[in-house]
Amino acid sequence: MIMDKYKHRSYQDYVFPVFLPKHTTEHLKYNRSEYITLRVNRTLEKVRKLIKCKDPIKWYTARGSYITALVNGGENMGVVAKQAGNTAAIITKHYYKNTEQTKSLHRLNKLFGSDVKAG
């Protein structure tokens, strides 16, 4: 598993070696995160061109899409929040987009035996 590959190289609770023991100050951590964001966004831009996607793809966009796919796929919001390093409230407010509202309403109707409609 990919997380096992990096576990011995990670710093604190981070899955991947974003911060290393040498990143001891907030300034060094900020610079490191900016550098990694730049590299990831460059890679995502290459992917975007390869797949001929018209819309820009950035780290933040990919993160939101990943979170939405997990939640829509039935993953528990608390589990997704932990993976993302946020609370469920932050995930819901800033990242999760309910792209499957019809399926959600169908599940509610089945659960409660009523005809819940989108508002």
Side-chain angles (χ1 to χ4, degrees):
M1 189 149 116
I2 195 166
M3 291 187 304
D4 293 332
K5 178 179 177 180
Y6 291 101
K7 188 172 186 160
H8 70 283
R9 293 175 47 199
S10 297
Y11 178 66
Q12 293 181 346
D13 290 334
Y14 291 90
V15 174
F16 299 111
V18 173
F19 298 124
L20 304 173
K22 68 181 182 179
H23 299 110
T24 55
T25 67
E26 290 303 313
H27 179 72
L28 290 173
K29 289 178 182 178
Y30 175 80
N31 286 344
R32 176 70 173 171
S33 65
E34 288 294 309
Y35 172 73
I36 289 175
T37 298
L38 179 68
R39 288 190 58 195
V40 169
N41 285 338
R42 282 181 183 162
T43 301
L44 289 171
E45 178 63 17
K46 290 176 186 176
V47 170
R48 184 191 69 78
K49 287 178 181 177
L50 282 172
I51 64 173
K52 297 181 171 96
C53 177
K54 293 177 183 176
D55 298 324
I57 303 171
K58 300 289 183 190
W59 185 332
Y60 186 82
T61 309
R63 177 181 168 89
S65 297
Y66 174 76
I67 289 167
T68 297
L70 286 176
V71 174
N72 283 344
E75 189 63 65
N76 178 282
M77 182 70 79
V79 171
V80 174
K82 185 170 178 148
Q83 286 181 357
N86 289 109
T87 65
I90 294 293
I91 293 296
T92 303
K93 184 176 180 180
H94 296 286
Y95 297 102
Y96 175 63
K97 308 291 183 256
N98 186 355
T99 59
E100 299 188 357
Q101 189 172 15
T102 303
K103 288 182 182 179
S104 296
L105 291 174
H106 179 71
R107 284 192 297 267
L108 285 171
N109 287 333
K110 187 175 179 183
L111 182 65
F112 294 108
S114 62
D115 189 21
V116 179
K117 298 198 185 318

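All values below were derived from every heavy atom in this structure, side-chain atoms included, with hydrogens, water molecules and symmetry-related copies excluded.
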- Item | Flag side-chain contact, heavy atom, 4.5 Å: Glu34 against Leu38 | no
- Item | Test side chain to side chain contact (heavy atoms under 4.5 Å, CB included) applied to Thr87 - qualifying residues, sequence neighbours left out | Ala89, Ile90
- Query: Is the backbone N or O of Pro56 less than 3.5 Å from a side-chain atom of Arg48, with the two atoms forming a donor-acceptor pair by type?
  - Reply: no
Could you pull out every donor-acceptor pair under 3.5 Å between side chains of residues 75-82 and any protein atom, sequence neighbours left out?
unit_1: Asn76; atom_1: OD1; unit_2: Gly78; atom_2: N; d: 2.6
unit_1: Asn76; atom_1: OD1; unit_2: Val79; atom_2: N; d: 3.2

- Message: Is there a continuous path of hydrophobic side-chain contacts, each under 4.5 Å between heavy atoms, that joins Ile57 to Val40?
- Response: yes
- Message: Could you work out, with side-chain hydrogen bond (donor to acceptor under 3.5 Å, both in side chains) as the rule, every residue matching Asn31, not counting sequence neighbours?
- Response: His27
- Sequence neighbours excluded, the answer for side-chain hydrogen bond (donor to acceptor under 3.5 Å, both in side chains) partners of Arg39 is Tyr35
- Item | All side-chain hydrogen bond (donor to acceptor under 3.5 Å, both in side chains) counterparts of Tyr66, not counting sequence neighbours | Gln83
- Item | Approximate separation, where rounding is to 0.5 Å, of Lys58 NZ and Arg42 CZ | 10.5 Å
- Give every residue pair that meets the ring pair (Phe, Tyr, Trp, His ring centres under 6.0 Å) criterion with at least one member in residues 74-94, sequence neighbours excluded. none
- Task: Could you note down all residue pairs passing ring pair (Phe, Tyr, Trp, His ring centres under 6.0 Å) where residues 71-90 supplies at least one of them, sequence neighbours left out?
- Result: none
- Give the minimum heavy-atom separation between Trp59 and Ile36, together with the two atoms involved. CZ3-CG2, 3.4 Å
- Partner residues of Leu28 under the side chain to side chain contact (heavy atoms under 4.5 Å, CB included) criterion, sequence neighbours left out: His23, Thr24, Thr25
- Note on the structure: Residues at least two apart in sequence or cross-chain that pass side-chain hydrogen bond (donor to acceptor under 3.5 Å, both in side chains) with Tyr60, listed by chain then number, are none
- Message: Just so I know, are the side chains of Lys46 and Lys49 near enough to count as touching, which here means a heavy-atom distance under 4.5 Å?
- Response: no
